[in-house]
Amino acid sequence: MSNKKEFKPFIPADKVLPEFTVTSVVLGIILAIIFGGANAYLGLRVGMTVSASIPAAVISMGVIRLILKKDSILENNIVQTIGSAGESLAAGAIFTLPAIFMWAAEGKCAEPGFFTIAIIALCGGILGVLFMVPLRTALIVEEHGVLPYPEGTACAEVLLAGEEGGDKSKVVFAGLGISAVYKFITDGLKLFPSEVNFDIQSKTYTAGIGMDVLPALAGVGYICGLKISSYMFAGGVLSYLVLIPAISFFGGNADAGSGIPFNQLEPSAIWSGYIRYIGAGAVAAGGIISLIKTLPTMVKTFRKAIKGIGKNVSGGDRTQQDIPITVVGIGILIVAFFIWIIPSIPVSPLGAIIVVIFGFFFATVSSRMVGLVGSSNNPVSGMAIATLIITTLVLKAAGNVGASGMVAAIAIGTVICIVAAIAGDTSQDLKTGYIIGATPKKQQIGELVGAVVAAFAIGGVMYLLNAAWGFGSEQIPAPQATLMKLVVEGVMGGTLPWTLILIGVFIAIVVEILGIPVLAFAVGLYLPIHLSAPIFVGGLIKWYMESKRKYKNEEQKKSCVDAGILYSSGLIAGEGLVGILLAIFTVVGLRTDLSGIYGNHFESVGNWVGLGAFLLLIVTIFYFCSKKRTIEIDTEKKDFS
């Protein structure tokens with residue numbers, strides 16, 4: 001039974017407040033660029049992104065209420081709507097597009113032009129928004145009270161709480177500032193190493209342990225919580241303390257293919273040559289398992305959504321106005337035309353329509369999935385892997401093989417991946433708007449603005465990071481895109497070491513049988529332990545604040561825990577921004593490295609200095625969690641699909 005008649009939004013439909021204003025649009029565009037760039041950097045470094053809706057809403061309240069002295073919850077909502085579009089589009093783009101740059105670096109194809117990358121991202125972004133317009137009434141309105149949309153509901157709570165004060169934005173900015181300074185000192189000035197590493201190597205046992213002592217990773221861990229971060233760390237422990245020693249021991253004095261015996265290889269060499277393929281198999285299997293488990297829900301969702309199409313309106317009640325369905329249809333046809341004429345997506349007009357239909361299916365699935373279980377459990381990577389496998393097989397059967405076929409598969413997969421990511425984000429934002437009483441049409445236009453800006457901004461960020469370090473490097477390993485590259489290459493050319501891949505597949509199956517969230521464990525198995533270890537530390541802090549610390553009451557507990565969420569969001573944004581700044585310095589040839597002033601004498605104690613600095617950073621998290629303030633948000637804001 002629908003709850004439409006019973007529900008009353010915070011701002012009544014007959015009340016008109018400033019909403020889609022110059023202030024909200026400009027601030028939203030700025031945040032779309034900032035969070036899009038920061039999430040692109042974070043995703044390329046650790047293979048996951050975090051939700052930008054909460055930080056965008058908090059910063060918006062700080063600027064509009066405290067600086068501009070204005071009081072409009074609907075303007076704040078437009079800001080977070082536009083701003084969060086950058087994060088979701090970044091998530092879709094960085095999972096796939098860097099693979100083309102890697103092939104270009106290997107000489108297999110030409111490096112894609114900036115506008116080609118931007119247009120591919122833009123096609124996916126616009127389609128994702130437009131597909132949600134006819135689905136809004138069916139999923140957001142008719143299913144209110146049935147589909148909780150946790151991120152959208154939590155963001156609405158933040159906006160409503162913002163009517164009482166602006167302390168939240170101070171916490172975010174504090175995290176951003178501290179993280180920026182820390183990142184610049186370690187990776188800019190290089191006064192201490194950002195990665196600490198301890199190798200264990202003997203004739204009978206080879207292993208390794210270490211961590212990247214960086215603020216964004218601790219922030220990700222705090223936001224994800226102990227359960228998810230511990231699954232990731234468990235995967236890293238299996239890689240570095242079980243599989244690497246096993247390969248070294250059983251390989252013994254045999255030639256590893258590089259002229260060096262297995263038991264003389266460094267742990268990092270064994271990881272890059274063997275473990276990453278096992279991890280790739282585990283992640284691929286985890287994504288497909290997640291997809292299979294949600295197939296019944298997908299089919300049910302698709303049927304319900306199709307029945308609800310056409311119920312959206314373009315006039316009448318302000319809170320029921322959508323972009324006219326005729327405009328949506330024309331927009332989709334225009335995007336399909338661009339997909340057809342883009343040289344890097346060699347499809348026929350019929351092929352372009354098929355891409356659009358496939359995208360609509362995944363947009364529908366993604367929108368309902370995030371409504372049920374939140375963005376954190378939305379299997380975007382599984383959808384991307386399934387799309388790439390099917391697309392590559394079709395292209396191969398059609399005779400489009402080699403580099404051109406692989407590039408085409410990635411381009412098509414990118415459009416689908418971005419569609420799924422931004423459709424999920426749009427549905428969360430529309431849920432926020434439904435609760436507070438926003439105008440859906442204005443939010444949908446805001447999403448389109450955010451998608452357009454983010455597409456070009458992220459295209460520039462990706463070019464910048466690739467020019468500075470190169471995708472697949474130690475600085476930006478691009479783990480998700482590397483996995484997609486391996487999948488396409490394996491299907492197209494049969495070059496994958498299938499034994500290692502299958503080992504990873506069956507590890508994932510065992511983990512699934514044990515009832516452990518397979519994708520989180522598989523990501524930890526695939527990534528270096530240096531990334532999962534600091535994430536685990538952040539999760540431990542969250543666990544301590546939630547379970548072990550003594551509080552006077554539940555309100556104080558929630559206030560302290562939620563302050564950590566906001567501070568962690570700032571840590572992530574600050575490191576991402578400085579990471580992009582350092583990339584600019586590298587491209588223009590500006591040297592900031594001061595490590596030469598202390599010579600080689602510092603190297604012997606560098607690991608311990610790095611650990612000490614990280615400990616001080618952890619202390620700041622405890623400090624901001626402990627400060628007395630009223631901060632109430634949902635504590636599970638994350639996206640690591």
Side-chain angles (χ1 to χ4, degrees), residues 42 45-47 178-222 229-230 232-245 248 263-272 275-276 469 473-477 479 524 527-541 571-572 574-575 578-579 582 591-622:
L42 180 65
R45 186 166 179 84
V46 302
I178 290 173
S179 175
V181 172
Y182 184 105
K183 174 73 172 178
F184 188 75
I185 290 174
T186 180
D187 279 349
L189 302 179
K190 296 188 182 298
L191 294 183
F192 61 88
S194 60
E195 178 183 300
V196 300
N197 184 69
F198 300 93
D199 285 345
I200 306 168
Q201 197 162 10
S202 67
K203 291 183 179 180
T204 57
Y205 189 78
T206 297
I209 193 72
M211 68 167 61
D212 285 3
V213 288
L214 291 170
L217 300 177
V220 167
Y222 189 97
S229 62
S230 64
M232 289 185 63
F233 185 59
V237 170
L238 179 63
S239 291
Y240 277 75
L241 300 179
V242 178
L243 295 179
I244 287 179
S248 176
N263 59 14
Q264 294 181 23
L265 288 175
E266 294 183 351
S268 59
I270 297 177
W271 179 86
S272 61
I275 301 301
R276 70 175 182 142
W469 297 301
S473 65
E474 181 181 350
Q475 290 85 355
I476 42 173
L527 294 174
I529 197 170
H530 303 79
L531 300 177
S532 58
I535 291 174
F536 179 61
V537 172
L540 284 173
I541 298 172
L571 291 179
I572 293 166
E575 182 180 330
V578 173
L582 293 178
R591 181 181 173 86
T592 59
D593 185 354
L594 299 180
S595 60
I597 62 175
Y598 44 75
N600 296 326
H601 302 289
F602 188 67
E603 293 182 3
S604 60
V605 296
N607 281 343
W608 300 107
V609 174
L611 286 174
F614 189 66
L615 179 61
L616 291 176
L617 181 71
I618 297 304
V619 170
T620 67
I621 300 178
F622 279 109

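Because the structure is predicted, anything quoted here is derived from the model rather than measured.
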Pair Met232, Leu527 - check side-chain contact (heavy atoms from CB on, under 4.5 Å), show working.
CA-CA 9 Å; Met232 289 185 63; Leu527 294 174; 4.2 Å; yes

Leu615 side, atom CG; Thr620 side, atom OG1 - distance, nearest 0.5 Å
10.0 Å

Taking side chain to side chain donor-acceptor pair (under 3.5 Å) as the test, write out the residues that go with Asn197, two or more places apart.
Asp199, His530

Close side-chain approach of Tyr222 to Ser229, heavy-atom, < 4.5 Å
no

To the nearest 0.5 Å, atom CG of Asn607 lies from atom CD of Glu195 at 9.0 Å

If you look at every heavy atom in Leu265 and Thr206, which pair is closest and at what distance?
O-CG2, 3.8 Å

side-chain contact (heavy atoms from CB on, under 4.5 Å) partners of Ser268, counting only residues at least two apart
Glu266

The criterion is ring-ring contact (aromatic ring centres under 6.0 Å, His included); which residues satisfy it with Tyr205, sequence neighbours excluded?
none

Sequence neighbours excluded, which residues qualify as side chain to side chain donor-acceptor pair (under 3.5 Å) partners of Ser239?
none

With sequence neighbours excluded, residues passing side-chain contact (heavy atoms from CB on, under 4.5 Å) with Ile618
Ala218, Val537, Ile541, Phe614, Ile621, Phe622

Check Leu241 against Gly208 and note the closest heavy-atom contact, atom names and distance.
CD2-O, 3.8 Å

Which donor-acceptor pairs under 3.5 Å do side chains of residues 178-187 form with protein atoms, sequence neighbours excluded?
unit_1	atom_1	unit_2	atom_2	d
Ser179	OG	Leu571	O	2.6
Ser179	OG	Glu575	N	3.0
Tyr182	OH	Val213	O	2.7
Lys183	NZ	Tyr41	OH	2.7
Lys183	NZ	Asp187	OD2	2.6
Thr186	OG1	Phe192	O	2.9
Thr186	OG1	Ser194	N	3.2
Asp187	OD1	Ser194	OG	2.8

Nearest heavy-atom contact between Ile275 and Leu243 is CD1-CB, 3.5 Å

Taking the side chain as C-beta and beyond, is there a heavy-atom pair between Ile535 and Phe233 under 4.5 Å?
no

Can you tell me how far apart CG (Leu617) and CG (Leu214) are? Round to the nearest 0.5 Å.
9.0 Å

What pair of heavy atoms forms the shortest contact from Leu217 to Pro534, and how long is it?
CD1-CG, 3.5 Å

